[in-house]
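Report on the structure given below.
A quick note: this is a predicted structure, and the numbers were derived from the prediction, not measured. Ligands are counted one by one from 1 in listed order, and the atoms in each one are counted from 1 as well.
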Amino acid sequence: MKRLSVLLVVVLTLLTLAVAADHNVTTAQEEFKVVVIGKSVHPYWSNVEKGVRAAAKDLGLKDEQAIFWVPPTEDVAAQIQTMETYIAQGVTGIAIAPSDPNALEPVMKKAAEAGIIVTTLDTPPVEGSVSLVYIGTDNYQAGFIAGQIMAELLPEGGKVGIGRGSDTALNALQRTQGFLDAIEGTGIEPLEPVNDREDAARALELANSVLSANPDLAGAFGVYAYNGPAWATAIKEAGRVGKTRLVCFDATTDIINGIKEGVIDATVAQREFDMGYKSVELIFKIATKGQRAAFREMGVVDGKIDTGVDVITAATLKDYEAALDAKGIPHEWTTEGWEPPQ
Ligand code: BGC
């Protein structure tokens with residue numbers, strides 16, 4: 001009997017410790033506040049924001065309980081400053097897309113030490129980060145897919161330009177690496193990536209100058225959401241549609257228009273609406289149910305929720321639209337009145 005009660009005490013103590021170690025299990029709904037910090041003003045990030053708003057609505061949160069913020073262009077200092085502001089407010093959780101994961105880690109650590117739930121989205125944190133979960137694309141794999149498509153488009157090889165919006169964000173670096181690995185050993189010669197720091201006007205200038213320095217450019221790879229459209233404009237202006245093949249990322253309206261026009265051959269669409277939605281949902285579940293239950297319910301595997309990608313070409317665009325509609329994911333473009341070329 002005595003042994004049984006000792007055992008019971010031990011079990012109860014362990015259970016109490018486990019619950020205490022679990023994150024903010026007791027946050028009341030009305031005290032909850034989550035902040036999602038993105039990387040730049042762009043329709044891609046507006047889609048993330050739509051996901052944030054939809055999750056807040058589904059969870060019964062007020063607008064001011066789910067904040068979304070982005071700087072105009074890549075701005076590491078502004079991301080750090082915004083983190084500081086919300087740490088001082090003592091919010092429940094922060095989900096951030098770190099434009100420079102090394103530079104952001106100390107302030108993310110400060111947030112975690114203050115008891116704030118810290119997660120990342122869209123672009124991963126450093127190895128061993130305090131970020132509990134990364135929600136987004138497997139960027140290396142997605143870049144590899146883009147490289148495979150380019151290799152199929154260019155069986156004869158040739159020079160390929162690479163435009164990207166960051167030299168520090170891991171999503172840009174991993175996509176580039178995946179792409180380079182996929183084209184290795186083919187006749188494709190990648191040029192040095194050009195960096196516009198998430199400035200769309202600069203992206204266009206750079207695309208124009210790469211094209212005028214390489215008038216025989218066989219292909220172009222757009223790493224970030226506005227890089228595809230920047231290349232598309234440059235390719236059209238240079239009269240090279242169909243001669244410079246274009247593979248890019250994302251599925252904002254300008255990219256879909258590029259596919260419909262035939263200037264963009266393929267794009268790797270991310271699921272950014274889900275990144276925003278799931279960031280809010282995960283932090284809410286951690287705060288109200290505890291980390292273990294939240295991870296189980298949300299399917300966190302190895303500290304990640306892989307949101308997946310969709311490859312879109314003219315041949316698959318209509319199916320992609322139907323899939324978005326079936327999931328109730330909003331999009332500003334339509335394929336109505338358009339048919340893929342035979
Ligand atoms: C990337 C984001 C980036 C956005 C707009 C997307 O492809 O995942 O990190 O901020 O493009 O530049």
Side-chain angles (χ1 to χ4, degrees), residues 36-52 68-76 78-79 82 95-101 103-104 119-125 131 134-147 162-179 193-204 206-207 220-232 246-256 258 264 266-276 278-279 304-312:
V36 178
I37 300 177
K39 294 172 67 228
S40 62
V41 172
H42 187 275
Y44 173 90
W45 285 104
S46 306
N47 291 341
V48 175
E49 184 175 12
K50 283 180 190 150
V52 167
F68 176 80
W69 181 88
V70 276
T73 58
E74 181 176 73
D75 194 337
V76 176
Q79 283 191 322
T82 305
I96 179 159
S99 284
D100 180 341
L104 261 304
T119 63
T120 38
L121 75 159
D122 173 68
T123 184
S131 159
Y134 162 66
I135 302 180
T137 300
D138 177 337
N139 287 288
Y140 177 85
Q141 188 53 34
F144 196 90
I145 293 171
I162 302 174
R164 68 184 184 192
S166 183
D167 283 342
T168 50
L170 287 181
N171 61 353
L173 301 181
Q174 292 168 349
R175 280 175 210 176
T176 309
Q177 195 53 54
F179 182 85
V194 288
N195 177 14
D196 50 70
R197 306 199 59 198
E198 300 217 35
D199 178 338
R202 181 84 187 118
L204 178 56
L206 288 168
F221 174 37
V223 177
Y224 273 1
Y226 49 79
N227 290 123
W231 282 120
L246 176 50
V247 178
C248 62
F249 260 77
D250 301 312
T252 46
T253 306
D254 44 5
I255 293 172
I256 300 299
I264 295 177
T267 192
V268 181
Q270 300 189 84
R271 301 192 183 142
E272 66 269 24
F273 177 93
D274 291 353
M275 295 182 204
K278 290 185 177 179
S279 294
K304 291 184 198 117
I305 297 178
D306 184 349
T307 40
V309 294
D310 301 284
V311 174
I312 314 173

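Annotation for ligand 1: atoms under 4.0 Å from non-hydrogen atoms of Asp250 are 6 (C), 7 (O), 11 (O). Proximity to Tyr226 (heavy-atom distance under 4.0 Å) selects the following atoms of ligand 1: 5 (C), 12 (O). Below 4.0 Å from some heavy atom of Asp122 lie the following atoms of ligand 1, by number and element: 1 (C), 2 (C), 8 (O), 9 (O).
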Would you mind writing out the side-chain donor-acceptor pairs for residues 45-52 within the sub-3.5 Å range, not counting sequence neighbours?
residue : atom : partner : partner atom : Å
Ser46   : OG   : His42   : O            : 3.4
Asn47   : ND2  : Glu272  : OE2          : 2.9
Lys50   : NZ   : Glu332  : OE2          : 3.3

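Inspection of the Thr252 and Asp254 side chains reveals an N or O donor paired with an N or O acceptor under 3.5 Å. Between the side chains of Asn139 and Arg175, at least one donor N or O sits under 3.5 Å from an acceptor N or O.
Both the backbone and the side chain of Tyr224 come within 4.0 Å of ligand 1, counting heavy atoms alone. Contacts between Thr137 and ligand 1, counted as non-hydrogen atom pairs separated by less than 4.0 Å, are absent for every part of the residue. At a 4.0 Å heavy-atom cut-off, ligand 1 does not touch Glu74 at all. Counting heavy atoms under 4.0 Å from ligand 1, residue Gln270 touches it through the side chain alone.
In this structure, Cys248 and Ile264 have side chains that are in contact, with non-hydrogen atoms separated by less than 4.5 Å.
A donor-acceptor pair is defined here as one N or O able to donate and one able to accept, closer than 3.5 Å; such a pair exists between the side chain of Thr168 and the backbone of Ser99.
Heavy-atom distances between Arg164 and ligand 1 stay at or above 4.0 Å for every pair.
Taking CG from Asp138 and CD from Gln174, the interatomic distance works out to 7.5 Å, rounded to the nearest 0.5 Å. To the nearest 0.5 Å, the span separating CG on Leu173 from OG1 on Thr123 amounts to 8.0 Å.
Residues satisfying the ring pair (Phe, Tyr, Trp, His ring centres under 6.0 Å) test with Tyr134, not counting sequence neighbours, are none.
Of the protein's non-hydrogen atoms, Glu198 OE1, 3.6 Å is the one closest to atom 5 (C) of ligand 1. Considering only non-hydrogen protein atoms, atom 10 (O) of ligand 1 sits nearest to Trp45 NE1, 2.8 Å. The shortest contact between atom 11 (O) of ligand 1 and any protein heavy atom is with Ala225 N, 3.0 Å.
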